[in-house]
Amino acid sequence: MEKITIAIDGYSSTGKSTLARQLAKALGFIYVDTGAMYRAVTLFALQNNFVHKGKVNQGALVKLLPKIHLDFRLNKETGNSDMYLNGENVEKPIRSLEVSSYVSKVAAIEEVRYKLVEMQRKMGKAKGIVMDGRDIGTVVFPDAELKIFMTATPEIRANRRYKELLEKGEKVTFKEVLRNVQERDHLDTHREFSPLLKAEDAIEFDNGDMGLEEQFERIYHYALRIIEAQKKGA
Ligand code: DC
């Protein structure tokens, strides 16, 4: 199979990771969840008490950035890649509402973005990758052969997230989750460095009332068409 780069960007809880994982599996490509990387750096900031009264101590975090080692390792039970922070599996704590509440602030720090974007470009050097995030089609891989931008209303997205958190046993209210989704939307789209933005050549998907299967089929066919065209050297 010819290798291409697939960039999936969009708002939080639009099902980017589900789609990216399905595509990677069907195409035999590597899947990288860049949100997990920003979440792991946020967890590191929390563990080191760099968060006080809703504010992140940027200077302290930036100073310790060289001490943050991130890698993805295959979880044989789930078949997915788990996020490791300095050798420890952090897949569960990085999905908590506490990390979600601060991650957009951490992701707005220029030095943090610089470090993670470098790592992401290295991971995608050999192509054959599906990467999801907020700046993949605009900053990380502006030359990606296929770019998807996913949207859905804040209420639909908060409802998805709320159900996920309840299933994991977190005690949250729908209102809290909706507020978190809206706050993150605002921070992600208004930050100075690489804000969430649809790349000009990205295909926009509002999946508010589209089933996961239909969405996957449509995008998978786009990918196959591009791969075919590459093979023919078109
Ligand atoms: O995809 P997610 O919800 O797990 O991402 C968590 C946060 O990380 C999100 O609020 C925005 C930020 N993020 C980012 O700024 N750039 C990326 N490439 C991926 C995530």
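Predicted, not measured: the structure shown is a model, and the values here were computed from it.
Lys171 places no side-chain N or O within donor-acceptor distance of the main-chain N or O of Leu166, the cut-off being under 3.5 Å. A donor-acceptor distance shorter than 3.5 angstrom exists from the side chain of Lys115 to the backbone of Ile68, with no hydrogens or angles considered. Between the side chain of Asn57 and the backbone N or O of Ala60, at least one donor-acceptor pair lies under 3.5 Å.
Applying the salt bridge (charged side-chain N to carboxylate O under 4.0 Å, His left out) test to Glu2 and every residue at least two apart in sequence or in another chain returns nothing. Taking the side-chain hydrogen bond (donor to acceptor under 3.5 Å, both in side chains) definition, one finds that Asp71 meets it with Arg73, sequence neighbours left out. In terms of the salt bridge (charged side-chain N to carboxylate O under 4.0 Å, His left out) criterion, residue partners of Lys147 (sequence neighbours excluded) are, by chain and number, Asp201. Every residue was checked against the side-chain hydrogen bond (donor to acceptor under 3.5 Å, both in side chains) condition with Arg225, not counting sequence neighbours, and none meets it. With sequence neighbours excluded, no residue satisfies salt bridge (charged side-chain N to carboxylate O under 4.0 Å, His left out) with Glu176. Scored by the side-chain hydrogen bond (donor to acceptor under 3.5 Å, both in side chains) test, Thr42 finds no partners at all (sequence neighbours excluded).
Ile136 and Leu146 fall into different hydrophobic clusters, defined by Ile, Leu, Val, Met, Phe, Trp and Tyr side-chain heavy atoms under 4.5 Å apart, directly or through other members. Placement of Leu61 and Leu46 within a single hydrophobic cluster is found when ILVMFWY residues are connected by side-chain heavy-atom separations under 4.5 Å, directly or transitively.
Legend: ring pair (Phe, Tyr, Trp, His ring centres under 6.0 Å) pairs involving residues 187-225, not counting sequence neighbours, sorted by first then second residue: His186-His190, Phe216-Tyr220. Annotation: salt bridge (Lys or Arg N to Asp or Glu O under 4.0 Å) contacts involving residues 54-63, sequence neighbours excluded, are absent. Applying the ring pair (Phe, Tyr, Trp, His ring centres under 6.0 Å) test to pairs two or more places apart or on separate chains, those with a residue in residues 117-169 are Tyr162-Phe174.
Side-chain contact between Ile219 and Ile203: absent, with no pair of heavy atoms (C-beta onward) separated by less than 4.5 Å. The side-chain heavy atoms of Ser12 and Asp185, taken from C-beta on, include a pair separated by under 4.5 Å.
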**Message:** As a quick check of understanding, evaluate salt bridge (Lys or Arg N to Asp or Glu O under 4.0 Å) for Glu214 and Arg218, giving each step before the final call.
**Reply:** CA-CA 6 Å; Glu214 182 190 347; Arg218 286 170 69 170; 3.3 Å; yes

**Request:** With side-chain contact (heavy atoms from CB on, under 4.5 Å) as the test, would you mind laying out the steps for Asn86 and Phe44 before giving the verdict?
**Result:** CA-CA 9 Å; Asn86 292 336; Phe44 178 88; 3.9 Å; yes

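Surrounding NZ of Lys25 are at most 12 heavy atoms belonging to other residues, nucleotides or ligands under 6.0 Å away. Dense packing is recorded around NZ of Lys198, with more than 12 heavy atoms of other residues, nucleotides or ligands lying under 6.0 Å away.
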Using distance only, find each side-chain donor-acceptor pair of residues 119-128 under 3.5 Å and give its atom names and separation, not counting sequence neighbours.
| residue | atom | partner | partner atom | Å |
| --- | --- | --- | --- | --- |
| Arg121 | NE | Val140 | O | 3.2 |
| Arg121 | NH2 | Val139 | O | 2.7 |
| Lys127 | NZ | Glu145 | OE2 | 2.4 |

If you look only at distance, which donor and acceptor atoms sit under 3.5 Å apart when one is on a side chain in residues 26-40 and the other is two or more places apart or in another chain?
| residue | atom | partner | partner atom | Å |
| --- | --- | --- | --- | --- |
| Tyr31 | OH | Asp132 | OD2 | 3.0 |
| Asp33 | OD1 | Gly35 | N | 3.1 |
| Asp33 | OD1 | Ala36 | N | 3.2 |
| Asp33 | OD2 | Arg95 | NH2 | 3.1 |
| Thr34 | OG1 | Asp132 | O | 2.6 |
| Tyr38 | OH | Arg113 | NH2 | 3.3 |
| Arg39 | NH1 | Ile94 | O | 2.9 |
| Arg39 | NH1 | Ser100 | OG | 3.1 |

Throw together a table of side-chain donor-acceptor distances under 3.5 angstrom for residues 77-85, partners on residues two or more places apart or in other chains.
| residue | atom | partner | partner atom | Å |
| --- | --- | --- | --- | --- |
| Thr78 | OG1 | Asn80 | N | 3.1 |
| Asn80 | OD1 | Arg21 | NE | 3.3 |
| Asp82 | OD2 | Asn75 | ND2 | 2.8 |
| Asp82 | OD2 | Asn89 | ND2 | 3.1 |

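Atom CZ of Arg179 and atom OG1 of Thr173 lie 7.0 Å apart (nearest 0.5 Å). To the nearest 0.5 angstrom, Asn207 atom CG is 8.0 Å from Ile156 atom CD1. Distance CG/Leu197 to OG1/Thr189: 9.5 Å, rounded to 0.5 Å. Taking CG from Asp206 and CD from Gln215, the interatomic distance works out to 10.0 Å, rounded to the nearest 0.5 Å. Rounding to the nearest 0.5 Å places OG1 of Thr14 at 11.5 Å from CD1 of Ile148. Note that CZ of Arg134 is 7.0 Å distant from OG of Ser104, once rounded to the nearest 0.5 Å.
Across all non-hydrogen atoms, the minimal contact from Pro154 to Gln182 is CB-CG, 4.2 Å.
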